[in-house]
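Here's the structure we're looking at; comments come further down.
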Number of protein chains: 2
Amino acid sequence: MSILNVADLAGVSVATVSRVLNGHTNVKPETRLRVMAAVERSGYRINELARNLRTAESRLLLTMVPNIGNPFYAEIVRGIDSVASQQGYFMLLCNTDGELGRERSYFDMLRRHRADGAICLDPTAIQQALAEESGALPWVACCEFDPAGGVPYVGIDNYRAAGEAMRYLLSRGRRRIALMNSGDGYLYAQQRQQAYLDTLAEAGLTPDLRWILNLDSLDYEAGAAAAVALATAGSDGPDAIFAVSDTLAIGVINGLRSVGRKVPDDVAVIGFDDIAIAAQIDPPLTTVAQPMQELGQTAARLLLRRLVEPAATLPGVLLPHRLMMRASA
Amino acid sequence: MSILNVADLAGVSVATVSRVLNGHTNVKPETRLRVMAAVERSGYRINELARNLRTAESRLLLTMVPNIGNPFYAEIVRGIDSVASQQGYFMLLCNTDGELGRERSYFDMLRRHRADGAICLDPTAIQQALAEESGALPWVACCEFDPAGGVPYVGIDNYRAAGEAMRYLLSRGRRRIALMNSGDGYLYAQQRQQAYLDTLAEAGLTPDLRWILNLDSLDYEAGAAAAVALATAGSDGPDAIFAVSDTLAIGVINGLRSVGRKVPDDVAVIGFDDIAIAAQIDPPLTTVAQPMQELGQTAARLLLRRLVEPAATLPGVLLPHRLMMRASA
DNA sequence: CTGAAAGCGCTAACAA
DNA sequence: TTGTTAGCGCTTTCAG
């Protein structure tokens with residue numbers, strides 16, 4: 001059942017069927033009706049494989065994400081999907097899960113025409129892309145990016161946001177502040193750590209090196225375990241913990257509770273992202289909100305624009321964050 | 001830069017290049033080397049658009065999900081993605097978000113050859129598929145399914161699982177049990193509600209109709225709001241709440257706390273799914289665990305098998321659930 | 001073991 | 001306004 005059958009059925013040529021199918025206007029209304037009737041009658045469906053080859057586009061957008069199970073990324077993906085589908089594109093989701101090999105050559109999917117463009121949230125992939133000089137490929141960076149890389153990006157000002165979080169903690173009288181960071185493969189991890197260090201220095205404080213933790217996981221469990229270790233080690237524990245992710249922060253609160261520490265009385269906890277669960281737990285999590293959906297939407301719009309005008313130089317855009325003061329700090 | 005260029009470069013025909021590219025064995029080693037060198041030298045990448053048309057397969061699996069922002073679905077999607085990618089397939093993610101029109105004709109994507117097969121987690125889509133007699137199409141149902149529909153599926157025994165949850169509540173002395181359900185468009189909602197009703201009846205209890213709630217959202221906020229309403233309405237509130245989703249249950253706990261009710265002392269709360277956060281909150285959530293990753297993996301394997309042998313009649317598979325007794329009930 | 005050539009189903013010149 | 005026709009880049013008989 002191909003376009004040829006429909007053409008025969010309608011008594012026209014394949015070109016005319018194609019025109020009708022694609023909504024071209026230069027078709028006599030009467031002919032259009034006849035074609036549409038033939039399509040209807042035959043139950044014909046266009047073969048997008050053929051169309052894709054002919055038009056040399058897949059109308060697929062590749063999204064590379066470290067872990068779709070993390071609510072932060074899930075929300076961003078929703079944002080991407082909403083604008084993509086609205087523009088007639090579909091989303092190819094690639095969950096790298098930090099597994100080497102899985103993220104190995106996703107950019108090759110662009111070269112192999114499997115996707116028309118890509119949105120990359122994965123730092124490893126970004127580094128690889130930059131290293132490979134995939135700069136000419138149609139992709140944009142989201143959350144993780146290299147401002148100097150020449151690749152369009154959207155994210156937030158991590159340095160400033162983390163500084164605000166830190167100053168908030170200081171303003172509440174906290175002085176013994178620990179940083180619970182993720183692996184430094186992440187740009188945001190580096191920037192937030194720098195802000196942590198600088199803010200402390202500005203306040204005339206010297207950070208205890210044992211309080212700067214680099215976990216290589218954002219899981220609740222990782223945060224909980226680290227918090228237990230932090231709270232039970234040595235004599236004087238920290239009086240505040242700045243976690244670079246809400247998932248970590250929630251784990252931290254759980255861990256502290258398990259060893260009898262009160263939040264925020266004994267230890268204040270501040271998170272990052274403002275995922276939906278943050279407002280639900282006890283105590284409600286004070287955190288730095290990122291506009292997750294908008295991050296995804298903006299990334300998708302940038303990419304789509306790049307596809308339309310490949311020559312245009314797209315801006316790097318920084319979206320506003322917001323300190324959400326709740327009860328945990 | 002097409003296969004023809006590579007052929008010229010290697011001094012062979014396109015057929016030979018194709019053979020090498022596809023790992024056919026009937027190529028002289030020496031020739032193979034020459035072709036591989038040419039590929040290397042030219043930076044050639046195969047055009048999958050062309051290959052797809054020729055082989056009449058997209059190697060894409062469509063996944064229809066109500067809301068990827070819900071951790072339950074996100075985990076299942078991870079499961080799907082892990083086996084799909086392992087088998088050389090990629091995942092087209094479609095987030096229906098309950099938006100009509102978005103879920104309208106996803107099955108058409110199969111007919112249009114945009115995907116080779118589909119995994120459907122969305123009840124609306126399933127109903128539509130069944131109604132449309134899409135039975136011949138290569139798709140499988142996951143979590144939501146019609147046992148009599150003739151479509152391969154994987155899920156759990158919702159009736160039995162919900163019954164266990166209810167009996168657990170009863171065994172703890174709870175008698176005034178409310179059901180916080182989602183919209184009845186979901187099979188699981190119907191089955192769990194039936195189990196709720198039956199278990200109560202077996203115990204000689206008559207449910208208070210005002211305690212059977214049908215929310216049309218699984219959001220934390222929806223659960224919180226409903227719990228507040230439940231707890232503050234009338235004189236004698238329920239002494240237990242069975243929520244059909246952990247997200248709802250977590251919202252419930254938050255809502256109860258906001259009006260001064262203690263969990264589990266005043267009101268026991270039991271959830272469903274066992275998403276990662278369930279073990280982290282205070283009190284840790286008692287819930288019915290579903291094997292989320294495995295649900296996704298099984299769905300993907302069923303589908304892949306169906307693609308390989310279209311004629312095979314695949315089984316409906318029910319995976320085991322497990323009651324996770326924690327502190328909330 | 002290799003090559004010639006047909007053709008997957010569609011779109012878009014170009015011609016009429 | 002419509003039709004004819006040449007490919008898009010690949011895989012795969014079929015011959016040699």
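All of these numbers come straight from a predicted model, not from anything done at the bench. Convention: sequence-line order gives letters A, B, ...; per-chain numbering from 1.
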Acceptor/donor pairs from residues 293-310 of chain B side chains to any protein atom, 3.5 angstrom cut, sequence neighbours excluded:
{"residue": "B/Gln293", "atom": "NE2", "partner": "B/Glu75", "partner atom": "OE1", "Å": "3.0"}
{"residue": "B/Thr298", "atom": "OG1", "partner": "B/Glu294", "partner atom": "O", "Å": "2.6"}
{"residue": "B/Arg306", "atom": "NH2", "partner": "B/Gly135", "partner atom": "O", "Å": "3.3"}
{"residue": "B/Arg306", "atom": "NH2", "partner": "B/Leu137", "partner atom": "O", "Å": "3.4"}

- prompt: Mind checking what makes ring-ring contact (aromatic ring centres under 6.0 Å, His included) contact with B/Phe72, not counting sequence neighbours?
  reply: none
- prompt: Got a sec? Which of residues 8-33 of chain A come in under 4.0 Å of DNA chain C, heavy atoms?
  reply: A/Ala15, A/Ser18, A/Arg19, A/Asn22
message: Once salt bridge (Lys or Arg N to Asp or Glu O under 4.0 Å) is applied, do any residues pair with B/Glu144, and if so which ones, sequence neighbours excluded?
response: none
- request: Identify, with sequence neighbours excluded, every residue that meets salt bridge (Lys or Arg N to Asp or Glu O under 4.0 Å) alongside B/Arg19.
  value: none
field: Distance in angstrom units between B/His113 NE2 and C/dG9 C1', rounded
entry: 9 Å
- line: B/Arg45 atom CZ is separated from D/dG9 atom P, nearest whole Å, by 16 Å
task: Go through the structure and list residues passing ring-ring contact (aromatic ring centres under 6.0 Å, His included) with A/Phe145, not counting sequence neighbours.
output: A/Tyr153
- request: Identify, with sequence neighbours excluded, every residue that meets salt bridge (Lys or Arg N to Asp or Glu O under 4.0 Å) alongside B/Arg51.
  value: none
- prompt: Roughly, in whole Å, what's the span from CD1 in B/Ile3 to C1' in C/dA4?
  reply: 14 Å
query: Over how many whole Å does the gap from B/Asn47 atom CG to D/dG9 atom C1' extend?
result: 6 Å
- prompt: For A/Asp122 and A/Thr96, does a side-chain donor sit closer than 3.5 Å to a side-chain acceptor?
  reply: yes
- prompt: When the distance from CG of B/Asn5 to C1' of D/dC8 is rounded to whole Å, what number comes out?
  reply: 14 Å
field: Euclidean distance, atom CG of residue A/Leu4 to atom P of D/dT5 [Å, nearest integer]
entry: 13 Å
- request: Assess whether atom CG of B/Asp8 is packed by more than 12 heavy atoms of other residues, nucleotides or ligands within 6.0 Å.
  value: yes
- prompt: Per the end-axis method with five pairs at each terminus, what is the bend angle of the helix from C/dC1-D/dG16 to C/dA16-D/dT1, to 10°?
  reply: 30°
- prompt: Do any of residues 48-62 of chain B sit with a heavy atom less than 4.0 Å from DNA chain C, and if so which?
  reply: B/Leu53, B/Arg54
By ring-ring contact (aromatic ring centres under 6.0 Å, His included) - contacts of B/Tyr186 (at least two apart): B/Tyr188
- line: Sequence neighbours excluded, the answer for salt bridge (Lys or Arg N to Asp or Glu O under 4.0 Å) partners of B/Arg45 is A/Asp108
Pairs of donor and acceptor atoms involving the side chains of residues 24-34 of chain A, under 3.5 Å and at least two apart or interchain, shall be tabulated with distances.
{"residue": "A/Arg32", "atom": "NH2", "partner": "A/His24", "partner atom": "O", "Å": "2.7"}
{"residue": "A/Arg34", "atom": "NE", "partner": "A/Ala10", "partner atom": "O", "Å": "3.0"}

Nucleotide D/dG9, atom P - distance to CZ of A/Arg114 in whole Å: 17 Å
